[in-house]
Amino acid sequence: MSKFVFRRLGLLIPIFLGISLVASLLFYIVPGDIVRVMLGQHVDPLTYANVRRALGLDISFWQNFLGFMHSIIRGDLGYSYIQQRPVTQIILEALPVTVKLTVVSLCITVIVGIPAGIIAAVRDRQFSGRLINFTAVAGISLPSFLLALFLQLIFGISLGWLPVSGPGRGLLSYILPGLAIGLPLAAFYAKVARASMQEVLTREYIVFALSRGLPFSRVIINHGLRNALVPVLTQMGMDFGMFMTGAVLTETIFNLPGMGRLVYSSINVRDFPVLRGILLLFALVVVLANLLVDLIYTKLDPRMAAAIVREETDVAGQTYFKDK
Amino acid sequence: MRSKRLYLLAFLCFIILVLPVVGCGPAKVVSEQTAAERLPESGGLIRYSLLDDPASLDPANFSEELAINVGKEVFDGLVDFDYKNNRIAPALAEKWTVKDNRVFTFYLHKGAKFHNGKEVTAEDFKYSFDRLLNPKTAAKVAWILENVKGATDRMSGKAKDTSGIKVIDKYTLEITLERPYTGFLSRLTHPGAAVVDRVTVEKAGPAFSSTGAKPEVLIGTGPFKLLGWTPKNVIKIVRNEEYFGRRAYLDEVDFKIIPDETTTLNEFRAGNLDIIDRIPPGQNAVVEKEFTGQTLSGTIWGIEFYGFNMGKEPFKSNVKLRQALNFAIDREGIIKAVLEGSGVPAKGILPPGMAESSDNFRGYTYDPAKATALLAEAGYPKGQGLPEIEMSYNNRETNQKIAEAVQAQWKEIGFRTKLKPLPLPEFKREVGSGNFSIFRLGWVADYPEPDSLLYPLFSSEAGNFFGYANQEVDRLLDEAQRTTGDKDRLAVYRQAEQKIIDDAPAIMMFHPAVKYIKGKNVSGVETNFDGSVSFDKIWVSR
């Protein structure tokens, strides 16, 4: 098992190299004149040249790339020329905001979405099941930003229960944005969980468990849920990476200075050093999240662990290595 | 039966959730005492929103509105601009003398102190000004001092210091210019020409210029000092009790970073902001109604225009074509429809306030018949023979709408265009490289002097954007820069302006406006020529 983990982590090296190369190319291939943007309306040639030199925009691609490799080895992601401070510092300011928002949204998604999906599957023919199914369809069609604006108007301005925007009030600040992201996603997860559960319910072991006289709720939770969760978890692993890239619209509406806003503003001002750092971080997150999901699989379904072991012992040349 | 009841319940829930939203609409009646009835009170806090963090609060980087908004409260220069009386006012320089319009001697306010307690001396100014020109600083506002003797040598790294800046004694500073220039004092009112403390700046290194710089690093002399700066969140400044001039009324000003206009307005509605200046597009009327008596607006000393590429056909040698396109635009209609009335149609280039327009000034009015006739005279009857021409602009929502309106109005006379919206960096590159046909640009006066609009945009010596060159205009602008009497100088500028307008290298659209909404207890809010407000004049009543 540890070999598997190491091999997955080893994958990070070529990924990092590739991303660094492409991200460093950005400096040279993306059109646009960032010096002019920084100078504002008043541009004279001497100032233009001085600023360009001061920002290190006159160095060659290889100098740029190798310099970055060198700083990465020292655990440093470079220096933002717009903000005039280390990229690591900038990312470390935005990351906690996004992590908190991700955790709150995921909690809402899991707490609302999965039970709703299970109930919808179990009570498929009843009114409550249909209502959940209908609400889920409606929820999926509801854009996050619209929900965000409604939530802000109702709970922030009219009722005044929760902060309108801004990260200043601890966990309270994350409830509305968490709902705005979490609820439409919960609707989606409810659909996934429902479909998965419905399929599981037709399996023989469920019928067998029921015929053994076990209580219905126990059969659903112990026998059904465990198996029904596998597709849900796969989805979640993929979404997690997406979550960490931040939700630009929601972060903007609720004024949360997270990764989404950082990416957006860095693209706007062409702050390539920051973008390069973020790209590396995202690669790390996606690889780790998928690894984590794989490890959880083995807990949910021991056959998966066997598959991993088999994969490790495969003869070289026969690549059964499938990244999920 | 049961399901029917459930539907009813769901519907009721929906009504309960949505009603409060409807209830919070406009139509609030505001009864407000007028500001004049109140006397300034000391104390209190103002929360104001900024679109984003300034990239830096180092005066050398005061090339953007965001930085100036905050920076002008923390830093001071030699002189200031008194917008109300339209004159240069003393700041850290108590008084000054001018010899031959070329040698400026400044006598500093004795006892004025930096936020760290050190006294401000002429040496500090020499250092600060030389720092702006030092190529290693790469100051974005080095242009402020470009006329100082030896500035070019200093900026290109040929000289070790600036020969035109001399310390006479502890409190006297002498600045000599390369050649006589009346606008120099006006340039010095720019917040970038501020004094910084050498020891602090050199000790801090790059930390002085970085986003989120610390209060112990950002040392100025201004009416407020920095309390803290949390990037993407808030910048807090507090009153400087040791200020050499009139102390500010407010205890504290919080600049909250809120990128979204709608969120800003919602925060204001919820009582979490005291002054805002960004109204979401299309909300002007709603806001006026909702906050009657709480709004104020001002015209910015600037100009928005569409420039022609004067180095390329078909515009290069065809003044009639350029004039025809000028007559085809209904400026007032566009301001009304797109900007909700916020803006002043441009007759010439200089905005009202900077220079009152005279009756005999010839500008362009909306006259489609004349436009059609001129287009025919230009050799393109009904636009025949003209290719589809690209219009480049920065892809902001308002710019897009204005461009669409202009495109439609030009189409009426037969002039066909293709819209080319670009992200800001690409747009700047295109304009900088001169690789465009028609481009849209907004220009705000950097300093309160006609020179700040006319010279960089239309003098061929300044390397203007569109490759416009008229020797007579160059001569007049040059003459104006040397003319001392305010009235005489303005007359020369007016002459130059008329010549430019007749040449029509651009379509002057409008002078932009700014609108503020303030809390009911906020007084003393006055807009400056650049659209900013001075927080040291604001007070709150409790």
Side-chain angles (χ1 to χ4, degrees), chain A residues 30-55 79-80 82-85 89-90 93-94 97 127-128 131 149-150 152-154 156-160 163-168 252-255 257-258 261-262 264-265 267-270, chain B residues 2-3 6 10 17-18 20-21 23-24 52-53 55-56 61 63-64 135-143 146 152 155-156 206-207 209-212 231-234 256-260 262-263 266-267 269-270 272 423-429 431-433 441-444 446 456 462-463:
Chain A
V30 172
D33 193 336
I34 191 60
V35 177
R36 271 178 201 279
V37 175
M38 292 175 79
L39 286 176
Q41 56 183 21
H42 217 121
V43 183
D44 65 277
L46 269 178
T47 308
Y48 186 86
N50 285 339
V51 172
R52 213 176 126 78
R53 192 173 323 113
L55 299 183
Y79 199 78
S80 157
I82 304 287
Q83 300 202 21
Q84 294 287 312
R85 55 193 189 126
Q89 190 185 345
I90 296 169
E93 273 169 13
V97 174
F127 175 76
S128 56
L131 185 68
L149 286 173
F150 265 106
Q152 194 177 51
L153 269 175
I154 296 166
I157 299 176
S158 295
L159 300 173
V164 178
S165 77
T252 304
I253 291 169
F254 288 104
N255 193 26
R261 252 177 70 191
L262 183 62
Y264 182 70
S265 66
I267 291 175
N268 265 346
V269 297
R270 304 288 186 271
Chain B
R2 190 170 152 232
S3 69
L6 264 167
L17 280 175
V18 169
V21 184
C24 82
D52 199 355
D53 280 300
S56 158
N61 295 331
S63 58
E64 48 157 7
K136 288 212 180 90
T137 313
K140 289 157 196 128
V141 292
W143 58 262
E146 68 191 353
T152 316
M155 282 171 77
S156 55
S209 314
S210 57
T211 309
K232 304 284 171 203
N233 191 348
V234 68
K256 294 189 165 189
I257 316 296
I258 308 177
D260 186 60
T262 309
T263 308
N266 283 343
E267 285 283 16
R269 284 186 174 129
N272 299 327
L424 188 64
E426 278 79 25
F427 173 72
K428 288 262 180 184
R429 181 194 175 98
V431 172
S433 63
L441 204 66
W443 189 280
V444 176
D446 283 307

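Computed from heavy atoms alone, side chains included, the values below leave out hydrogens, waters and symmetry copies. Naming convention: chains lettered A, B, ... in sequence-line order (proteins, then strands); numbering from 1 in each chain.
Considering only heavy-atom pairs separated by less than 4.5 Å from chain A, the leading option among B:Ser56, B:Gly432, B:Ser433, B:Ala270 is B:Gly432. Between chain B and the residues A:Gln152, A:Gln83, A:Gln84, A:Gln89, the most heavy-atom pairs under 4.5 angstrom are made by A:Gln83. Most heavy-atom pairs under 4.5 Å with chain B: of the set A:Val51, A:Val164, A:Leu149, A:Val43, this distinction falls to A:Val164. Put simply, of B:Gly442, B:Pro231, B:Pro423, the one with the most heavy-atom pairs under 4.5 Å next to chain A is B:Pro231. Between chain A and the residues B:Val444, B:Thr152, B:Val234, the most heavy-atom pairs under 4.5 angstrom are made by B:Val444. With chain A as the partner, the residue from B:Lys232, B:Glu426, B:Met155 showing the most heavy-atom pairs under 4.5 Å is B:Glu426.
Neither the backbone nor the side chain of B:Ala207 comes within contact range of chain A; no heavy atoms are under 4.5 Å apart. Both the backbone and the side chain of B:Asn266 have a heavy atom closer than 4.5 Å to some heavy atom of chain A. Proximity to chain A (any heavy atom under 4.5 Å) is shown, for B:Glu64, by neither the backbone nor the side chain. The parts of B:Asp446 that come within reach of chain A are both its backbone and its side chain, each placing non-hydrogen atoms under 4.5 angstrom from that chain. Contacts between B:Ile257 and chain A at a heavy-atom distance below 4.5 Å involve backbone atoms as well as side-chain atoms. Residue contact with chain A, scored on non-hydrogen atoms closer than 4.5 Å, involves the backbone and the side chain of B:Ser156 alike.
Applying the salt bridge (Lys or Arg N to Asp or Glu O under 4.0 Å) criterion to B:Lys140, with sequence neighbours excluded, gives no partner residue. Partners of B:Arg429 by salt bridge (Lys or Arg N to Asp or Glu O under 4.0 Å), not counting sequence neighbours: none found.
The pair A:Arg85-A:Glu93 meets the salt-bridge criterion, with a side-chain N (NZ, NE, NH1 or NH2) lying under 4.0 Å from an Asp/Glu carboxylate O.
For the pair B:Trp143 and A:Leu46, the minimum side-chain heavy-atom distance is 4.5 Å or more. At least one side-chain heavy atom of B:Pro135 sits under 4.5 Å from a side-chain heavy atom of A:Asn50. By the 4.5 Å heavy-atom criterion applied to side chains, B:Ser209 and B:Asn61 are counted as neighbours.
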What's the verdict on side chain to side chain contact (heavy atoms under 4.5 Å, CB included) for A:Asn255 and A:Arg261, showing C-alpha distance, side-chain angles and the deciding distance? CA-CA 9 Å; A:Asn255 193 26; A:Arg261 252 177 70 191; 2.6 Å; yes
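Of the N and O atoms on the side chains of A:Asp44 and A:Thr47, at least one donor lies less than 3.5 Å from an acceptor on the other residue.
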